[in-house]
Amino acid sequence: VGDDQSEFTRFYETSKDACLRAVLASVGDRALAEDMVAEAFARAWTSWRKVRQYAAPRGWVVRTALNIGVSWWRPRRREIPLAGYDAAAAADLGEGVDPVVVAALRRLPARQREVIALRVFLDLDTNTTAEILGIAAGTVKAHLSRAVTALRRDPALRNGAAPTQARMTTMEVTHE
Amino acid sequence: MNDIDDVLVQARDSLAGAHLDTPVEAILARSRSQRHKRWLKEISAAAIAASFVLALGLAGVFGSSPVSGTGAIRTVAFTITRNANGTSTLTISPRVLFDPSTLQRDLARYGIPAKVTTGRFCSSDPAPSGFSQVVTESPALHGDGGQQQVNNPTVTINPAIMPAGTELSIGAFQVAKGYDTALALLSANSYTCTTTAPTAPPSGGALLHGNGSAGA
């Protein structure tokens, strides 16, 4: 148990921030994301001997956290506002986070956000992302491509609120 | 990350300042709490299941509802015992009128399609053949119209050889010393019912007497 706990502690310390950002990008609420990630890590520790064997334990944590968001938080009535979200989001995201970009991510369809969470924020490859989400690798690429297109067209980003707006409007989608 | 578009890289970088400050000890404690809750839930589920079984058992003792689980359903009015060869033995108390819907449901549990009534008896004309093979009485009767003394009328039913489309008709009538129960096979899609208490075994069937004798 001691070795397992040391191993899990190392995994937690090196993964927690990336997992939080991945989930935060998808749910857009800092407190909610922190609680979902903490819950997912707790479940990972409960099943650590199984989770440690996965190709991407981080991906399992994020996927579990996002599933928790559907099944666990819904009864608690923690509704995430969509309309008029930008103003509310700024207060919920904490320091070091660009609320405009998060709001733009939140406007993407859920599946695209899941792909971004795993593919971009956890830096998983296409096949691993596809395996975790249970979809085809080609579907992962398609979702990613559509997400890029949507982000470029997002009015809030086009209006220059995001610091990276200039680059966002000039870059092309890169396919693997 | 080389194969990810820069727009996504920038999106990722825009959240770079987010850190999870929850200490690992809190995660481990949360996990322990989850396991404790799960353990309590399992214990509760087991307790509920045990209470349910106990309630069924008590209900069976008092006759309000049957109990099953050991190959037998027992109520004050009747007992159905499932035998190893697929037959079921039905014992009817001649002094306690059974609830027809309960008996019909419990027979169905053991694979016996039946139409159970009280105060009336349903039959087909002509009666489907095979009653004497499907229903045997214990002790066995000796031909149509035979009489035999028994304390509680008992029959053994073999649903496997019931002709297709037939049901076992069981009708109980109050008589001077208890209840008479008539039995016969009927065609499920063609039968009539009578409220006249039979004084003799129905055609192709049997009559269990409330005074402790049986006839077929």
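As a basis for the values below, the full set of heavy atoms in this structure was taken, side chains included, without hydrogen atoms, waters or symmetry mates. Chain naming here is simple, since letters A, B, ... match the order of the sequence lines and numbering starts at 1 in each.
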Quiz item: Looking at B:Thr22, B:Asp21, B:Leu15, which has the largest count of heavy-atom pairs under 4.5 Å with chain A?
Solution: B:Leu15
Quiz prompt | Options B:Ser31, B:Ala29, B:Pro23, ranked by heavy-atom pairs under 4.5 Å with chain A, top entry | solution = B:Ser31
Quiz prompt | Max heavy-atom pair count under 4.5 Å with chain B, selected residue of A:Ala44, A:Ala25, A:Ala38, A:Ala147 | solution = A:Ala38
Quiz item: Mind checking whether A:Trp45 and A:Phe8 have parallel, tilted or perpendicular rings, split at 30° and 60°?
Solution: tilted
Quiz prompt | Sole candidate of A:Arg119, A:Lys141, A:Glu131 that passes side chain to side chain donor-acceptor pair (under 3.5 Å) when paired with A:Thr126 | solution = A:Arg119
Quiz item: Given a strict heavy-atom distance threshold of 4.5 Å, which part of A:Phe41 is in contact with chain B: side chain, backbone, both, or neither?
Solution: both
Quiz item: With a 3.5 Å cut-off and no angle check, do the side chains of B:Asp125 and B:Ser203 form a donor-acceptor pair?
Solution: no
Practice problem: Return yes if a side-chain donor-acceptor contact under 3.5 Å exists between A:Asp3 and A:Ser6, otherwise no. | Solution: no
